[in-house]
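From a predicted model like this one, the values you see are computed outputs, not experimental measurements. A note on names: the letters A, B, ... follow the listed sequences, proteins ahead of strands, and every chain is numbered from 1.
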There are 2 protein chains.
Amino acid sequence: MREIKIDPDSAVPVYRQLVDALRARIESGEIEPGRRMPSETDLEQATGLARGTIRKSVETLRAEGLIITVKGKGSFVAEHQDDATD
Amino acid sequence: MREIKIDPDSAVPVYRQLVDALRARIESGEIEPGRRMPSETDLEQATGLARGTIRKSVETLRAEGLIITVKGKGSFVAEHQDDATD
DNA sequence: CACCATTTGTTCGTATGTATG
DNA sequence: GCATACATACGAACAAATGGT
């Protein structure tokens, strides 16, 4: 896992910073639809954050519909349904 | 497996208590270098702890260099290299 | 060879306690 | 009180390596 820079002194909560970083990777296409996201353990190492915090970030992405999560397997970038109504 | 007493109400985390108990068995020579450690399942029964907790203890011993682990086989007391510089 | 039991490895789900701002 | 964040702990599903039948 590549390092993910988190600023613990920022006014932006660290879990939010991680949400933004992961969303950027998804929306840029760096992690393609159907591909697996880094595991929670990977993200712990990449960020230095606690697992509970990682999970809060991942849950946010899930709530946004950007990923789906399967127990025992991991989280995967949603195949979607781009939000564009166009 | 002989029972391993764990005090869930102790200020010492239960995974730490297990680390200490296992380290004592190794350092006393009760489990000799090269011999296999109790399996995770054995330790679950001997302690009543969850497997994740057992694994955390075992990982600590591994990090300390006291044991080596082989997937599908088990963990074995390291042949070492006593830390004594003597 | 196929099958199965044992064993460790990986991953997510949930809950509790503590501390800080 | 509430949100954030860390550590601990239990539970569950899935995966892979090993060894014996």
Touch check for B:Gly52, heavy atoms < 4.0 angstrom, all strands: base, sugar-phosphate only, or nothing?
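Answer is nothing: B:Gly52 stays at 4.0 Å or more from every strand.
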Main chain of A:Val12, side chain of A:Gln17: is a donor-acceptor contact present, judged purely on distance under 3.5 Å?
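Here the side-chain-to-backbone pair exists.
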Round to the nearest Å and state the distance from [X] atom [atom1] to [N] atom [atom2].
| X | N | atom1 | atom2 | value |
| --- | --- | --- | --- | --- |
| A:Gln17 | D:dA3 | CD | P | 19 Å |
| A:Leu18 | D:dA5 | CG | P | 10 Å |
| A:Ile68 | C:dT11 | CD1 | C1' | 15 Å |
| B:Ile54 | D:dG11 | CD1 | C1' | 14 Å |
| A:Glu40 | D:dA13 | CD | P | 17 Å |
| A:Asp9 | C:dT20 | CG | C1' | 14 Å |
| B:Arg51 | D:dA12 | CZ | P | 13 Å |
| B:Asp42 | C:dT6 | CG | C1' | 10 Å |

Any side-chain N or O of [X] below 4.0 angstrom from OP1/OP2 of [N]?
| X | N | value |
| --- | --- | --- |
| B:Arg55 | C:dG9 | yes |
| A:Thr41 | C:dT10 | no |
| A:Tyr15 | D:dA5 | no |
| A:Thr69 | C:dC12 | no |

Once rounded to the nearest 0.5 Å, what's the spacing between atom CZ of A:Arg51 and atom OG of A:Ser39?
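A:Arg51 atom CZ to A:Ser39 atom OG measures 9.5 Å (nearest 0.5 Å).
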Between A:Lys73 and B:Arg16, just flag the one whose closest nucleotide in DNA chain D comes earlier from the 5' side.
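Looking at DNA chain D, the more 5' nearest nucleotide goes with B:Arg16.
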Would you kindly compare B:Lys56 and A:Val70 by the position of their nearest DNA chain D nucleotide and give the one closer to the 5′ end?
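Here B:Lys56 is the residue nearer the 5' end.
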Quick one: closest heavy-atom pair of A:Ile4 and A:Ala21, and the distance?
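The answer is CG2-CB, 3.9 Å.
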Could you tell me which non-hydrogen atom of A:Ser75 sits nearest to which non-hydrogen atom of A:Arg62, and how far apart they are?
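Closest approach of A:Ser75 to A:Arg62, heavy atoms only: OG-NH1, 4.5 Å.
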Quick one: which of [options] gets closest to the side chain of [X]?
| X | options | result |
| --- | --- | --- |
| B:Ala50 | D:dA5, C:dT8, D:dG11 | D:dG11 |
| A:Lys71 | D:dA5, D:dC10, C:dG13 | C:dG13 |
| A:Val14 | D:dA5, C:dT8, C:dG13 | D:dA5 |
| B:Arg62 | D:dA7, D:dA9, C:dG9 | C:dG9 |

Could you go step by step and tell me if A:Ile54 and A:Leu18 meet the side chain to side chain contact (heavy atoms under 4.5 Å, CB included) rule?
CA-CA 8 Å; A:Ile54 302 293; A:Leu18 178 54; 3.7 Å; yes
